[in-house]
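See below for the structure under consideration.
Just so it is clear: chains get the letters A, B, ... in the order the sequence lines come, proteins before strands, and each one is counted from 1.
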Protein chains: 2
Amino acid sequence: MIAGARYRSRVIRVLLAEDQAMVREALATLLGLEDDIEVAVQAPNGAGLVELAREHAVDVALLDIEMPGRGGIEAAGDLTASGLGVKVVILTTFGRPGYLRRAMEAGASAFLVKDAPAAQLADAVRKVLAGERVIDPALAAEALAGGANPLTARERDVLRAAADGAATNADIAQLLHLSQGTVRNYLSLAIQKTGARNRAEAARAARDKGWL
Amino acid sequence: MIAGARYRSRVIRVLLAEDQAMVREALATLLGLEDDIEVAVQAPNGAGLVELAREHAVDVALLDIEMPGRGGIEAAGDLTASGLGVKVVILTTFGRPGYLRRAMEAGASAFLVKDAPAAQLADAVRKVLAGERVIDPALAAEALAGGANPLTARERDVLRAAADGAATNADIAQLLHLSQGTVRNYLSLAIQKTGARNRAEAARAARDKGWL
DNA sequence: ACTTCTGCATGACAGATGTCACGGCCCGCG
DNA sequence: CGCGGGCCGTGACATCTGTCATGCAGAAGT
């Protein structure tokens, strides 16, 4: 095979991580129809992707953002830190500015919402491999205008616990090994920083911005 | 074309409703690869599906359960009531017993969770057209054992309002034109019927069972 | 007619939530 | 070194939430 021909017919090897099997397989099928893209490996979540990427000589990783156990952003961090040079595309249902920021910080090269046309998926794969970035300009502007997440780590922990199902302050205190007074303080601060009236509203606001 | 050959090579015309464009197009592509299935029309939500089904001579409708505006179960009801004889397959992220019950009540012939392998999708389409039902036995058992939704219509309204973002009793009262005392009463009843400790837990429990 | 059910409301009260003040400890930075 | 920020906790207090008792109105059924 001569070098010129190889360069033009290079097949991009893709790793696809998405917890819903039906959606994952459908996306793999869609990508598999592209002449220059091959889905080399699929995974149900973000765990162990560095090993998979290495084994399968993956060029681009397509990671769903919310998966049980290890999510897309954490997995992006793993892949970036691995030094394998795998390009990362994050897929998400909701275009939350905080998610975008965290994805970029984790080393992702693209951020796609599932509302986008399917054609953008293969495009994004090609672009990131070519060294480009793929981000919705409006979302980028929102993320940049929105400022950093104002919640401290502990405020975030407490608010996330509330958002994830801890029904009472006693639940949260037990979960995080804090006193109830401390829980109330952290929640109060989180409520103020999110401009909310109570924990439910604060959790919703923080989640919508991708702060949790 | 002779009758026998036509019967064996019959192409099933499918309507696919799913709000996330990328997922919808991927699923359409996947189904389009089947020799006997054609995705005749796609829709981003459950509105106006009766007209679409009629125009496109649809045999089977694949409806995502949660879509903005009119959802899958409502659309299933529309299609069933239309008398067009369209078979309905409901697609859902969460296999909630209450959702299964409501889908069946709305006339659906199949209920598939997105965690299932993609192969089950085409299978389900063929089976429902052949007059069969496609339901996970474990989920059916759970729905049958779980009993009916114990919440009255008004309790459901109030709990749904809380679950959907009304942050305070005052918000709910205003939204539903009730006094705050009445809101507190209905929530209290809903909390008890769901075996929860507060509204957050009640909303989660009711949602998990598909009662909202 | 009476009964039952649902929806709605008031009132009293206990417990949970949220706010604020305050203080101690540790760490990093200039 | 001092300072600021984050973490953690206590205490006081106002407000919100949740429970319970009670009663009224309307509709449907017997």
Task: Below 4.0 Å: OP1/OP2 of dG9(D) and any side-chain N or O of Q180(A) - done: no

Task: Under-4.0 Å side-chain N/O to phosphate OP1/OP2 contact, N169(A) with dA16(C) - done: no

Starting at [atom1] of [X] and ending at [atom2] of [N], how long is that distance when rounded to a whole Å?
{"X": "L159(A)", "N": "dT17(C)", "atom1": "CG", "atom2": "P", "value": "14 Å"}
{"X": "R184(B)", "N": "dT22(D)", "atom1": "CZ", "atom2": "C1'", "value": "15 Å"}
{"X": "L187(A)", "N": "dC16(D)", "atom1": "CG", "atom2": "P", "value": "17 Å"}
{"X": "R197(B)", "N": "dT19(D)", "atom1": "CZ", "atom2": "P", "value": "12 Å"}
{"X": "E201(B)", "N": "dT17(C)", "atom1": "CD", "atom2": "P", "value": "11 Å"}
{"X": "I191(B)", "N": "dT19(D)", "atom1": "CD1", "atom2": "C1'", "value": "10 Å"}
{"X": "R199(B)", "N": "dG18(D)", "atom1": "CZ", "atom2": "C1'", "value": "8 Å"}
{"X": "N198(A)", "N": "dG18(D)", "atom1": "CG", "atom2": "C1'", "value": "15 Å"}

Each nucleotide N or O in nucleotides 4-8 of chain D that has a protein N or O under 3.5 Å away: list the pair and distance.
unit_1 : atom_1 : unit_2  : atom_2 : d
dC7(D) : OP1    : R154(A) : N      : 3.2
dC7(D) : OP2    : T152(A) : OG1    : 2.5
dC8(D) : OP1    : R154(A) : NE     : 3.2
dC8(D) : OP1    : R154(A) : NH2    : 3.2
dC8(D) : OP2    : R154(A) : NE     : 2.6
dC8(D) : OP2    : Y186(A) : OH     : 3.0

Would you say [X]'s side chain and [Y]'s backbone share a donor-acceptor pair under 3.5 angstrom?
{"X": "T80(A)", "Y": "A76(A)", "answer": "yes"}
{"X": "R13(A)", "Y": "H56(A)", "answer": "yes"}
{"X": "T29(B)", "Y": "E25(B)", "answer": "yes"}

Task: CD1 on I12(A) to CG on L129(A), rounded to 0.5 Å - done: 5.0 Å

Task: Carboxylate-amine/guanidinium contact D164(A) R204(B), below 4.0 Å - done: no

Open item on the list: Side chains of V89(A) and V134(A), heavy atoms from C-beta outward: is any pair under 4.5 Å?
Closed with: no

